[in-house]
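Structure, as structure tokens:
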Amino acid sequence: NDQTEETANMQRCYYWLDKTSRSFSAVIKALHPDIRRAVCIFYLVLRGLDTVEDDMSLDENIKKDLLKSFHDKLFEPGWTFKGIGPQEKDRQLLVEFDVVIAEFLRLETKYSEVIADICKKMGAGMIKFAHKQVETVDHYNLYCHYVAGLVGIGLSRLFSVSNLESEMVGKDVECSNSMGLFLQKTNIIRDYHEDLVDGRTWWPHQIWSLYAGKLGDFVEPQHEAAGLKCLNHLVADALDLVPEVFKYMSRLQDQSIFNFCAIPQVMAIATLSLCYNNRNVLHRNVKIRKGQAVQLMMRATNMTAFYEIFEEHCLELKARAPSNDTRTHHALDRILSLINAQR
Ligand SMILES: COc1cccc([C@H]2O[C@H](CC(=O)N[C@@H](CC(=O)O)C(=O)O)C(=O)N(CC(C)(C)C)c3ccc(Cl)cc32)c1OC
């Protein structure tokens with residue numbers, strides 16, 4: 001896509017987009033020109049907020065104030081933040097954040113007000129979860145709402161106000177929230193070992209305590225079977241979101257927006273299927289193969305293919321799930337009957 005007519009600042013923003021999201025930046029750059037800049041800026045603003053939340057070396061009070069006021073910084077031309085620890089991978093983005101702010105302030109108000117509103121809500125939510133662990137399933141859903149559901153809700157509002165999508169897309173908060181939860185829960189399930197090492201655990205205590213005394217127990221051979229039961233429980237919980245994902249995707253009209261929304265979702269169902277009953281999840285970070293990811297990206301361009309991809313992964317999952325895992329079988333049966341019903 002020809003970005004030559006963009007300002008020097010916007011060129012710099014696309015540079016940061018390439019640096020902060022490997023495969024995903026190309027999908028954002030392929031978005032319809034009416035919405036491309038708004039989504040790129042939204043992505044970078046969220047990356048900035050995420051970098052603050054992730055920096056464990058930051059003084060608690062500085063972090064709290066910054067999370068609470070981040071949405072106001074968007075209206076302070078020239079603002080940057082040099083306090084992020086040197087180990088944070090996207091530290092430099094905040095050092096050059098004045099560039100993002102300059103472009104944010106050039107956006108039409110109908111876009112910038114959505115981005116600022118989501119930042120305000122997300123920052124406030126992140127403060128509530130500054131303590132390290134998640135207690136109940138409700139807390140789990142609330143945490144995922146703050147860090148991911150709100151992204152889906154914000155994007156859906158951008159799609160609607162651009163008039164590229166119907167008003168319903170921006171109004172159906174439940175479906176938009178589920179789009180974020182499906183991605184976030186998949187990441188949390190996949191990142192068990194990595195997060196354990198970092199000392200931040202997002203697996204809800206109310207679920208894992210059914211299977212072990214300490215979350216770290218699952219890395220030990222004698223607790224592996226229990227670890228797999230817990231893993232499968234969380235996979236089934238994530239699969240319960242798929243009906244809402246289908247409802248959301250079925251509403252989309254713009255091809256570039258469909259691709260932008262579909263690609264992360266098909267990556268997630270492939271990752272979720274890979275994680276199910278997979279003991280490697282308890283010891284290291286598992287990822288779908290690059291070749292499989294590319295295949296999925298190329299296929300996920302229409303609703304028929306979207307259903308087919310989910311059906312393939314759900315049938316494969318059903319074949320592997322032991323008959324006594326009723327939670328997983330019920331979730332899969334519901335998804336498969338929805339797919340058959342729309343044929
Ligand atoms: C309607 O809602 C969406 C529609 C399309 C894409 C996303 C969602 O997809 C990427 C996809 C992405 O960023 N993939 C990475 C791979 C990875 O990080 O695992 C990448 O390819 O670099 C993602 O993961 N997150 C991060 C959250 C899940 C926290 C929201 C994300 C962060 C900022 C934005 Cl603007 C968008 C997204 C949506 O958000 C729900």
Side-chain angles (χ1 to χ4, degrees), residues 13 16-31 35-51 53-54 89-90 93 100 104 111 114-115 118-119 122 125-126 129 143-160 162 164-165 168-191 194-195 202 238 241 244-252 254 256-272 274-275 285-288 290 293-294 296-297 300 306:
C13 288
W16 280 113
L17 189 67
D18 293 340
K19 279 217 13 144
T20 53
S21 81
R22 307 170 300 284
S23 57
F24 199 52
S25 64
V27 186
I28 293 180
K29 287 191 274 191
L31 278 168
I35 198 157
R36 186 187 304 149
R37 283 180 57 239
V39 172
C40 173
I41 296 300
F42 189 33
Y43 191 95
L44 292 176
V45 165
L46 290 168
R47 188 58 80 160
L49 192 52
D50 197 46
T51 300
E53 195 227 7
D54 271 355
K89 66 182 170 63
D90 294 331
L93 174 64
V100 176
F104 168 82
Y111 296 130
V114 169
I115 294 170
I118 295 299
C119 270
M122 190 181 287
M126 285 172 163
F129 283 91
Y143 172 72
C144 291
H145 163 71
Y146 282 129
V147 297
L150 283 173
V151 178
I153 290 165
L155 283 167
S156 302
R157 283 163 58 187
L158 294 179
F159 298 157
S160 292
S162 75
L164 289 166
E165 295 298 341
M168 180 55 85
V169 169
K171 280 201 175 344
D172 189 339
V173 172
E174 197 47 46
C175 279
S176 300
N177 190 60
S178 296
M179 290 290 282
L181 262 61
F182 191 63
L183 300 185
Q184 185 64 18
K185 288 187 172 183
T186 299
N187 290 342
I188 285 173
I189 291 165
R190 176 197 66 192
D191 295 346
E194 185 180 303
D195 289 339
W202 305 111
L241 293 157
E244 297 273 296
V245 168
F246 284 168
K247 199 166 135 194
Y248 184 93
M249 292 304 300
S250 304
R251 288 195 179 116
L252 298 180
D254 178 85
S256 72
I257 288 175
F258 185 93
N259 299 348
F260 171 71
C261 294
I263 286 167
Q265 300 296 327
V266 297
M267 299 293 178
I269 188 63
T271 302
L272 218 42
L274 175 65
C275 287
N285 204 297
V286 300
K287 264 199 176 318
I288 57 175
K290 191 74 187 162
V294 170
L296 289 169
M297 282 176 92
F306 190 85

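In each ligand, atom 1 is the first atom listed, and ligand 1 is the first ligand listed. Residues take their numbers from the sequence shown, with the count starting at 1.
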Checklist entry - What atoms of ligand 1 come closer than 4.0 angstrom to any heavy atom of L46? => result 33 (C)
Checklist entry - Going by an N to O cut-off under 4.0 Å, is there a salt bridge joining D90 and K19? => result no
Item to check | Closest non-hydrogen atom pair between V114 and G154, with its separation | outcome: CG1-O, 3.5 Å
Item to check | Nearest heavy atoms of G170 and S160, plus distance in Å | outcome: N-OG, 2.8 Å
Item to check | F24/F260 aromatic ring centres below 6.0 Å | outcome: yes
Checklist entry - Would you say the side chain of S178 lies within less than 4.5 Å of the side chain of K247, judging by non-hydrogen atoms? => result no
Checklist entry - Would a search of protein heavy atoms around atom 15 (C) of ligand 1 find one under 4.0 Å away? => result no
Next on the checklist: Can you give me the closest heavy-atom contact between M249 and C261, atom names plus distance?
Outcome noted: SD-CB, 3.8 Å
Checklist outcome for this item: of all protein heavy atoms, closest to atom 2 (O) of ligand 1 is G152 CA, 3.5 Å
Checklist entry - Got a donor-acceptor contact below 3.5 angstrom from the Q184 side chain to the H145 backbone? => result no
Item to check | Over all atoms of both residues, closest heavy-atom pair of V45 and C119 | outcome: CG1-SG, 3.1 Å
Item to check | Region of K185 engaging ligand 1 - heavy atom pairs below 4.0 Å | outcome: neither
Checklist entry - Less than 4.5 Å apart, any side-chain heavy atom of C175 and any of R251? => result yes
Next on the checklist: Under 4.0 Å, counting heavy atoms only: does M297 come that close to any atom of ligand 1?
Outcome noted: no
Checklist entry - Where is the nearest protein heavy atom to atom 10 (C) of ligand 1: which residue, which atom, and how far? => result F24 CE2, 3.8 Å
Checklist entry - Taking C-beta and beyond as the side chain, do F159 and L164 meet within less than 4.5 Å on heavy atoms? => result no
Next on the checklist: Which of the numbered atoms in ligand 1 are under 4.0 angstrom from any heavy atom belonging to Q184?
Outcome noted: 29 (C)
Item to check | Under-4.0 Å heavy-atom contact with ligand 1, by part of V147 that carries it | outcome: backbone
Checklist entry - Which of the numbered atoms in ligand 1 are below 4.0 angstrom from a heavy atom of P264? => result 6 (C), 9 (O), 11 (C)
Item to check | Atom indices of ligand 1, in the order listed, that fall short of 4.0 Å to a heavy atom of G180 | outcome: 40 (C)
Checklist outcome for this item: for atom 32 (C) of ligand 1, nearest protein heavy atom and its distance come out as Y43 CE1, 3.8 Å
Next on the checklist: If we only consider heavy atoms of S176, is any one of them less than 4.0 Å away from an atom in ligand 1?
Outcome noted: no
Checklist entry - Do R190 and K287 touch side chain to side chain, with heavy atoms closer than 4.5 Å? => result yes
Item to check | Heavy-atom nearest option to atom 4 (C) of ligand 1, drawn from L155, V151, L31, L150 | outcome: L155
Item to check | atom 25 (N) of ligand 1: any protein heavy atom closer than 4.0 Å | outcome: no
Checklist outcome for this item: Judged by heavy atoms only, the candidate from F182, F260, F159, F42 nearest atom 5 (C) of ligand 1 is F260
Checklist entry - Should Y248 be listed as contacting ligand 1, given a heavy-atom distance under 4.0 Å as the test? => result yes
Checklist outcome for this item: Note: heavy atom closest to atom 23 (C) of ligand 1, options L183, I257, I115, belongs to L183
Item to check | For S21, the ligand 1 atoms whose distance to one of its heavy atoms is below 4.0 Å | outcome: 22 (O)
Next on the checklist: Within ligand 1, which atoms have a heavy atom of S23 less than 4.0 Å away?
Outcome noted: 20 (C), 21 (O)
Next on the checklist: Checking side-chain polar atoms at under 3.5 Å, does Y248 have a donor or acceptor matched by the opposite partner on S156?
Outcome noted: yes
